[in-house]
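Worksheet for the structure shown next.
The analysis underlying the following values was restricted to heavy atoms, covering all of them including side chains, and did not include hydrogens, waters or symmetry mates. Note that this is a predicted model, so its numbers are computed, not measured. Residue numbers start from 1 in every chain, and the chains themselves are labelled A, B, ... in the order their sequence lines are given, proteins ahead of strands.
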Amino acid sequence: MSSEDRIRAELVAAARELGAPDPIEPTLTRPSDPSFGDWSTNLAMTLARPLKKRPAEIAGLLRDRMKLSDAGVESVEIAGPGFMNFRLDPALIAEGVREVISSNESFGKSDAGHGEPVNVEFVSANPTGPLHVGHGRQAALGDAISTLLEWTGWKVSREFYYNDAGVQIENLARSVKARLDAIAGGEVSIPEGGYHGEYIREIAERYAAMHPADAKSADMNSIREFAVAELRKEQDLDLQAFGVKFDTYYLESSLYTDGRVEQVVQKLNANDMTYESDGALWLKTSQFGDDKDRVMRKSDGTYTYFLPDVAYHVTKWERGFHRAIDVQGADHHSTVTRVRAGLQALDIGVSKQYPEYVLHQMVTVMKSGEEVKISKRAGSYVTVRDLINEVGGDAVRFFFLMRKSDSQLVFDIDVALKQSEENPVYYVQMAHARMCGIFRVGGIDRESFSAEGIDLSVLREPEEQELIKALADFPDVVAGAAEALEPHRIATYLSETARLAHLWYHKHHVLGEPEEIMNARLALARASQIVIRNGLHILGISTPERM
RNA sequence: GCGCGCGUAGCUCAGUUGGAUAGAGCGUCGGCCUCCGGAGCCGAAGGUCGUGGGUUCGAGUCCCGCCGCGCGCACCA
């Protein structure tokens, strides 16, 4: 049992003796100021009301009843309005290094998910153009959330939903057709709602080259299929460049061809959840929290986007994903209520909170102090590819993940390009490389290094103790980030841990110290390297051994 | 107008689910350079947490009003 668990158990026992009502769930946190000790609890304050005593008095009574001498607790202090601060034996703290090294690539993993399946849907771009920066943020987020869930015991399936049906695809085909007409000598007139990017012209040129005979009077079906295939290929290349892989690609068009959309309509009709008005078929979404009912079948007979969306989420449920997470841009947030309403209206036993949503705000790209708004090929927006080409995939990932998803994000290309510690991704990777460098310079094999038989109790410098405590916190940080679906916590943690590692590195030497010290510090260097590497893995960022 | 999100140091942002004297990086100012990488290091200044109320022993965090910014408000997705 860890000292943390021991303290918690003693707190529960002592509180029970004092007559505290169940459940007693003391929370242990790191004190705001490390000089206060190693662990802190506010339990006495939370018991003030039920026990009708002053917090400081309760803290004293708790302390008197706790048996902590064999739990490595050196002292318990009562401070502030009623905090209890526990100070641990530094040798015990140093022992934390051993577990990091022996767990190695598993350090930080846990099992809250118990192997249950979860579907994470992200990117899901329409195949109408190259991926833009918003998709990039979504790709980084979705992939990191997926990995976080894997680290906490979930069986994750990464899924990409292709909206390859509907109006936008018609607009795409007509846009390509317009360019084809131009190639054949006509005027370029891009249709209303069409796509203007340079890539449309490229697709038309390739199409014309492959169909020289019918370039002028090309068949729309053929153009549409060709354009969608080309753009899917292009998006795949973008994702590949970014290092994101999906388990499943689900095609919206398949929901029509296999009759699922029609089935959903019939079930909704059967459940008396629809009505006709103005030639359209409406769903009573207002019964499920929407501010008004929504059209599901337009008067022209085609469906609005959200009906296939509902059918799609039914398949997730039926495919065994009783947990599903959708990562989307906040500009689509109105879909949340509608899709959930549709699922509730079907009455198939799905939770009201199904699926869960992670919405992210917009990305602004800055360069030389000015906002960058367009790319050459896409015309109206900056592409992920532009960004990756300019600053590299690692920087793109880290920058997209270092902010909360619900804050708007400013992507500063100048900072991302810096080869110095001003650049946060460089700073973290450098800490990793430095730890590796110690082993390289010392001619010691890092991977086979073992802490067995090494006396870690000599790691008692303040910088060492702070670093070790941060390393030991990693599993809690991973668990918290996974539960909250907030990968930015990992990025923040890595920046802080890297800072502690740099501080330690600058203040203390490893190689050339007396053997006892050197071995213990090698263990700390190895443990630091492992934790930073594991954290970067979660974010999908590379871990260079030298820079 | 309605809905969602955001507002924390000059700038970019954290803030452990309500706890102690609100933190980090950059920038500014002042010191350091024979080192396992100076592509750095140490220190200091810098705050009415947009604003006004409320709940609480305790609020940056929860509730209400107001102000500002972003996004959405389709028989588009």
Side-chain angles (χ1 to χ4, degrees), chain A residues 27-33 36 40-42 45-46 48-49 54-55 79-83 85 124-126 128 163 165-169 171 193 252 277-282 290-292 294-306 308-309 328-337 359-362 364 366 402-410 412 415 418-424 426-427 430 433-442 473 476-477 480-481 483-484 486 488-489 491-493 495-496 499 502-503 505-513 518 521-522 525 546-547:
Chain A
T27 51
L28 287 183
T29 57
R30 298 292 190 186
S32 52
D33 184 334
F36 292 163
S40 176
T41 186
N42 63 353
M45 286 181 278
T46 65
R49 183 179 293 272
R54 302 156 67 92
F83 289 99
N85 292 327
S124 295
N126 296 335
T128 54
N163 293 109
V167 186
Q168 77 280 3
I169 298 298
N171 289 338
E252 180 186 7
S277 176
D278 301 329
L281 187 64
W282 297 68
D290 206 349
D291 39 344
K292 59 178 186 179
R294 303 289 169 179
V295 169
M296 50 189 256
R297 191 174 61 216
K298 295 179 262 180
S299 48
D300 67 0
T302 63
Y303 296 110
T304 56
Y305 78 95
F306 98 93
D309 262 12
Q328 296 189 347
D331 55 339
H332 284 213
H333 84 262
S334 60
T335 200
V336 174
T337 328
L359 301 180
H360 66 86
Q361 295 290 331
M362 302 295 107
T364 312
M366 299 289 287
M402 68 186 183
R403 305 291 184 230
K404 273 187 301 213
S405 68
D406 46 10
S407 337
Q408 294 170 45
L409 187 150
V410 177
D412 190 332
V415 174
K418 280 190 179 158
Q419 298 285 298
S420 77
E421 299 189 0
E422 281 176 58
N423 180 348
Y426 181 93
Y427 186 74
M430 186 64 191
R434 269 188 168 148
M435 299 301 122
C436 293
I438 295 171
F439 285 85
R440 184 174 60 247
V441 173
D473 284 343
D476 284 344
V477 173
E483 195 195 335
E486 291 184 350
H488 79 274
R489 295 194 195 187
T492 305
Y493 168 83
S495 296
E496 172 61 13
R499 192 178 71 83
H502 285 302
L503 281 176
Y505 175 90
H506 284 296
K507 188 121 183 214
H508 305 290
H509 279 225
V510 178
L511 303 176
E513 294 292 311
M518 181 179 82
R521 288 187 179 163
L522 279 171
R546 59 195 308 169
M547 299 177 72

Syn/anti state for B:U17 [syn: chi within 90° of 0]: syn

Dump the pairs, protein N or O against N or O of nucleotides 67-77 of chain B, anything under 3.5 Å, distances to one decimal.
residue : atom : partner  : partner atom : Å
B:C75   : O2   : A:Ser299 : N            : 2.7
B:C75   : O2   : A:Ser299 : OG           : 2.8
B:C75   : N3   : A:Ser299 : OG           : 3.3
B:C75   : N4   : A:Asp278 : O            : 2.8
B:C76   : OP2  : A:Lys298 : NZ           : 2.5
B:A77   : OP2  : A:Tyr305 : N            : 2.4
B:A77   : O3'  : A:Asn163 : ND2          : 3.2
B:A77   : O2'  : A:Asn126 : OD1          : 3.4
B:A77   : O2'  : A:Asn126 : ND2          : 3.2
B:A77   : N6   : A:Tyr305 : OH           : 3.2
B:A77   : N3   : A:His332 : NE2          : 3.4

Side-chain donor/acceptor of A:Asn85 to base of B:A20, under 3.5 Å: yes

Taking the side chain of [X] as its heavy atoms from C-beta onward, which of [options] lies nearest to it?
X	options	value
A:Arg499	B:G15, B:A24, B:G38	B:A24
A:Leu503	B:C41, B:A20, B:U12	B:C41
A:Ala79	B:C36, B:C13, B:A20	B:A20

Atom pair NE2 (A:His360) and NE2 (A:His332), whose distance is rounded to the nearest 0.5 Å: 9.0 Å

Spacing of A:His488 atom NE2 and A:Ser407 atom OG [to the nearest 0.5 Å]: 7.5 Å

Would you measure the distance from the [atom1] atom in [N] across to the matching atom in [M] and give it in whole Å?
N	M	atom1	value
B:G23	B:C66	P	33 Å
B:C6	B:C62	P	9 Å
B:C11	B:G47	P	12 Å
B:C35	B:C26	C1'	27 Å
B:G31	B:C49	P	34 Å
B:A9	B:A44	C1'	14 Å
B:U61	B:G18	P	11 Å
B:C67	B:A24	P	36 Å

When we call it a touch if two heavy atoms are under 4.0 Å apart, what does [X] touch: a base, just sugar-phosphate, or nothing?
X	value
A:Ala484	base
A:Phe439	nothing
A:Arg434	sugar-phosphate
A:Glu422	sugar-phosphate
A:Lys404	sugar-phosphate
A:Tyr427	nothing
A:Ser40	base
A:Val510	base

Using whole Å, report how far [atom1] of [X] lies from [atom2] of [N].
X	N	atom1	atom2	answer
A:Arg440	B:C36	CZ	C1'	10 Å
A:Met547	B:G38	CE	P	15 Å
A:Asp33	B:A24	CG	P	12 Å
A:Leu409	B:C6	CG	P	15 Å
A:His508	B:G40	NE2	C1'	17 Å
A:His506	B:C32	NE2	P	19 Å
A:Tyr426	B:G25	OH	P	17 Å
A:His488	B:G23	NE2	P	18 Å

Identify the two heavy atoms, one from [X] and one from [Y], that lie closest to each other, and give their separation to 0.1 Å.
X	Y	value
A:Leu522	A:Phe439	O-CZ, 3.4 Å
A:Gln168	A:Asn163	NE2-O, 2.9 Å
A:Pro55	A:Ala48	CG-CB, 3.9 Å
A:Tyr426	A:Lys418	CB-O, 4.3 Å
A:Leu511	A:Ile438	CD1-O, 3.5 Å
A:Val295	A:Phe306	O-CE2, 3.4 Å

Watson-Crick and G-U pairing of RNA chain B, under 3.5 Å, as dot-bracket with | and [ ]: (((((((..((((.....[...)))).(((((.......))))).....(((((..]....))))))))))))....

Flag if over 12 foreign heavy atoms under 6.0 Å of CZ, A:Arg54: no

NZ (A:Lys507) with more than 12 external heavy atoms under 6.0 Å: no

Backbone N/O of A:Thr27 and side chain of A:Thr41: donor-acceptor pair under 3.5 Å: yes

Can you name the atoms? Protein N/O to nucleotides 56-63 of chain B N/O, anything below 3.5 Å, with the distance.
residue : atom : partner : partner atom : Å
B:U56   : O3'  : A:Arg49 : NH2          : 3.1
B:C57   : OP1  : A:Arg49 : NH2          : 2.5

Position toward the 5' end of RNA chain B (nearest nucleotide), A:Pro31 or A:Val410: A:Val410

For the residue pair [X] and [Y], establish whether any side-chain heavy-atom pair is separated by less than 4.5 Å.
X	Y	answer
A:Leu359	A:Asp406	no
A:Glu252	A:Tyr305	no
A:Met430	A:His502	yes

